[in-house]
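One structure is given below, encoded as structure tokens.
What you are looking at is a predicted structure, and each value in this text was computed from that prediction instead of being measured. We name chains A, B, ... by the order of the sequence lines, and we start the count at 1 in each one.
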Amino acid sequence: MSAPFQRHRLTPWILMAPQLGIVLVFFFWPALQAIEQAFYVEDAFGLSREFAGFANFQAVLSDKAYYQALGTTLIFSLAVALGAMSIALLLAVMADRVIRGARIYRTLLVWPYAVAPAVAGVLWLFLFDPTLGLISGLLGNIGIGWDHKLNGVQALALVIMASVWKQMSYNFVFFLAALQALPKSLLEAAAIDRAGPWRRFWTITFPLLSPTAFFLLVMNSVYAFFETFGTIDTVTSGGPGGATTTLVYKVYQDGFVGQDMGASAAQSVLLMALVGGLTWFQFRYLERKVQY
Amino acid sequence: MATLRLNGIRKRYPNGITALHDIDLDVVDGELIVVVGPSGCGKSTLLRTLAGLEAISDGELTINGRRVNELEPAERDIAMVFQNYALYPHMSVAGNMGYALKNRGMPKDEIRRRVAATAELLGLSELLERRPRQLSGGQRQRVAMGRAIVREPQVFLFDEPLSNLDAKLRVQMRLEIRRLQKRLGVTSVYVTHDQVEAMTLADRLVVMNAGRVEQCGTPMALYEQPATLFVASFLGSPAMNFLPVTVHRDGVVLPNGTQLALALPVAMPEGRVTNLGVRPEHLVEAASRPDTAAVLDVTVEMLEPLGADMLAYTRLSGLEEWLVVRLDGAHAAHEGQRLSLTFSLADCHVFDADGRRVSMTEGAAAKAQACQ
Ligand SMILES: Nc1ncnc2c1ncn2[C@@H]1O[C@H](COP(=O)(O)OP(=O)(O)OP(=O)(O)O)[C@@H](O)[C@H]1O
Ligand SMILES: [Mg+2]
């Protein structure tokens, strides 16, 4: 029935076992626990719990702070994904044209990715420290008072900058690889077909990068939703006044700081549904547009 | 409608390789020039400098008398068909063909009309909505042609446009390109390394070698009067036979000591080593020419029946290379057979030690060599 090279039934499973084990233990198990937890109310010490139906969800969905966090998350994610992708694309296009010292240039641009989120956060925190910071000092000189500990908009801008800076390298690597894989003759043909550099970029290069851009959009959305926790925690801890509290951060705050396990679990279930839905939407509607 | 003039064009790549040395060429209006030469001789480089994709290091390029060295590819009004076709994968066939017109700011209706007309001409009307990856190799090639034709440019450039097709399609497309080029009357430069393609397509042929023009002229002129040993060996299939001979008082001597009573019409000092070139079709059996004095005794080592003809690969003692003879297809030759061959003086080409043709009749070689 199956071709000779597919006859080994057991080997693939043995090879996949470690990875499957990790995914089961560290993803599916906690996820199932969270779903279960979301339907119970627990006492403050975690000694007893009681089935509560949809009460936790009701409580979360009628909380104004939850909607604030949702709004913050949307603004934050959109800004991070678009910012990190467009800056990375710009840098990749320029790096693609560099001939001398190209490797040094590329290595330097990839470095931020190797920096841990918390360290990246601290770095930006120093630069923008209201009293000691280098950049906040410069901003002060030109009359812009910087204090992200009081100003919610500035705080949000700061975590966006730090998160963009961190994610940019990842996008840069992918965009650069995609650019270098583009057949040169296509751009030459376009040049002969009377398209200037600007037009060549928008009618040839950009459409041909769209599969890469789509992949990065999915990855960046997930990054912005989940992996920016460390950055936010070190830079603003969700403040001031909840201005930088994203959904993930709120899950952490309510669950581990506020000790309200039921509400926290309900939020993470909602968050999972939200990201799942978003990813489904991206694949369903955007992916079709980027195939050629 | 355009004339193209190359005046001492030189191309030096940044890595120090000089790919073109002082190329001089005049292309007259409506002419199809074929540039032919072995791999790496600079054919693509020549086309790319004409198109403006590579900067010209030295010399002058003019189109209709106007210097275009400094112009961008877009400003030269040139269309190019690439070897890999370079079709835009994310655009339909119609999109590919209309791209240049759109960039020019032509109204949509006008674009549609012109694309439809060109598609009709090339038999692409049914395929206009398809993407390049949904086409066969031959269809892609046609689209690449269509993209060039629809622009009605001053000059067409073709870089080995048929090399990715199978043999049959290649012959068919070759005829089609010839027909289209004559019909449209657009000045064209066509690059190939296939000498059959070159001979059949060209109004004039340019043979290149190591970045230099070896010779240029009509295909028949080059075939009959090759200016150098290189051109003589490059054109013609199977290639010309070369006999290294030493000039002697009453003729020439072969390496094996055989004397041939050939009165070379030009005075050459005795003892001078030269190359005598004879094409396979000009070697005939000595029995048919009782008056000849130049007889080569050879042994047949291998036969290649081609139908109408039969190629005999024969061995002449003292010669390393085979002597190839084109016999009649019905010839009863067999391997190991001995043959006596001869040729007439009028059919042989003499080249001196550095590969230049030694002129047999004054003026003929000089005429064939003029490129301007
Ligand atoms: N971008 C480049 N940089 C440096 N040298 C190059 C470059 N392109 C081509 N060359 C060199 O220039 C010479 C001519 O190359 P070209 O591509 O013009 O040859 P060609 O005649 O088109 O060969 P083919 O029949 O294989 O296509 C070669 O020696 C090649 O190595
Ligand atoms: Mg080439």
remark   = When the 4.5 angstrom heavy-atom criterion is applied to B:Tyr88 and chain A, the contacting part is both

request  = Compute whether any side-chain donor of one residue and acceptor of the other, for B:Tyr85 and A:Ser185, lie under 3.5 angstrom apart.
outcome  = no

CZ/A:Phe226: more than 12 non-hydrogen atoms of other groups inside 6.0 Å = yes

task = Check each atom of B:Ala148 against the heavy atoms of chain A and say whether the ones under 4.5 Å are side chain, backbone, both or neither.
result = neither

key: Heavy-atom donor-acceptor pair, B:His90 side chain to A:Ser210 backbone, under 3.5 Å   = no

query = Using non-hydrogen atoms and a limit below 4.5 Å, what part of residues 103-121 of chain B faces chain A?
reply = B:Asn103, B:Arg104

remark   = Rounded to the nearest 0.5 angstrom, the OH-CD1 distance for B:Tyr99 and A:Ile192 is 12.0 Å

What side-chain donor-acceptor pairs closer than 3.5 Å can you find for residues 12-20 of chain B, not counting sequence neighbours?
unit_1, atom_1, unit_2, atom_2, d
B:Tyr13, OH, B:Thr45, OG1, 3.1
B:Asn15, OD1, B:Ile17, N, 3.2

task = List the atom of A:Leu186, the atom of B:Pro89, and the distance in Å for their closest heavy-atom pair.
result = CD1-CD, 3.8 Å

inquiry  = Please find the pair of heavy atoms, one from B:Met91 and one from A:Ile204, that lie closest to each other, and give the distance.
reply    = CE-CD1, 3.9 Å

ask   = Counting heavy atoms not belonging to B:Arg179, are there more than 12 under 6.0 Å from its CZ?
value = yes

ask   = Of the backbone (N, CA, C, O) and the side chain (C-beta and beyond), which part of B:Leu87 lies under 4.5 Å from a heavy atom of chain A, both, or neither?
value = backbone

inquiry  = Please check if the number of heavy atoms outside A:Ile104 that lie under 6.0 Å from its CD1 is greater than 12.
reply    = no

request  = Take B:Lys102 and A:Asp193 through the side chain to side chain contact (heavy atoms under 4.5 Å, CB included) test and state the conclusion after the steps.
outcome  = CA-CA 9 Å; B:Lys102 209 164 132 193; A:Asp193 276 349; over 6 Å; no

message = If you count heavy atoms of other groups shown closer than 6.0 angstrom to CZ of A:Phe206, is the number above 12?
response = no

ask   = With A:Phe215, which residues qualify under side chain to side chain contact (heavy atoms under 4.5 Å, CB included), at least two apart?
value = A:Tyr170, A:Phe174, A:Met219

remark   = Interatomic distance, CG@B:Asp77 vs CZ@A:Arg194, rounded to 0.5 Å, equals 5.0 Å

message = For a salt bridge (charged side-chain N to carboxylate O under 4.0 Å, His left out) check, start with the C-alpha distance between B:Arg48 and A:Glu188, then their side-chain angles and the critical distance, and finish with the verdict.
response = CA-CA 10 Å; B:Arg48 295 171 58 81; A:Glu188 290 175 351; 2.8 Å; yes

key: Crowding at CD, B:Glu70 (>12 non-hydrogen neighbours, <6.0 Å)   = yes

inquiry  = Considering only residues two or more places apart or on different chains, which pairs with a residue in residues 157-184 of chain A satisfy salt bridge (Lys or Arg N to Asp or Glu O under 4.0 Å)?
reply    = none

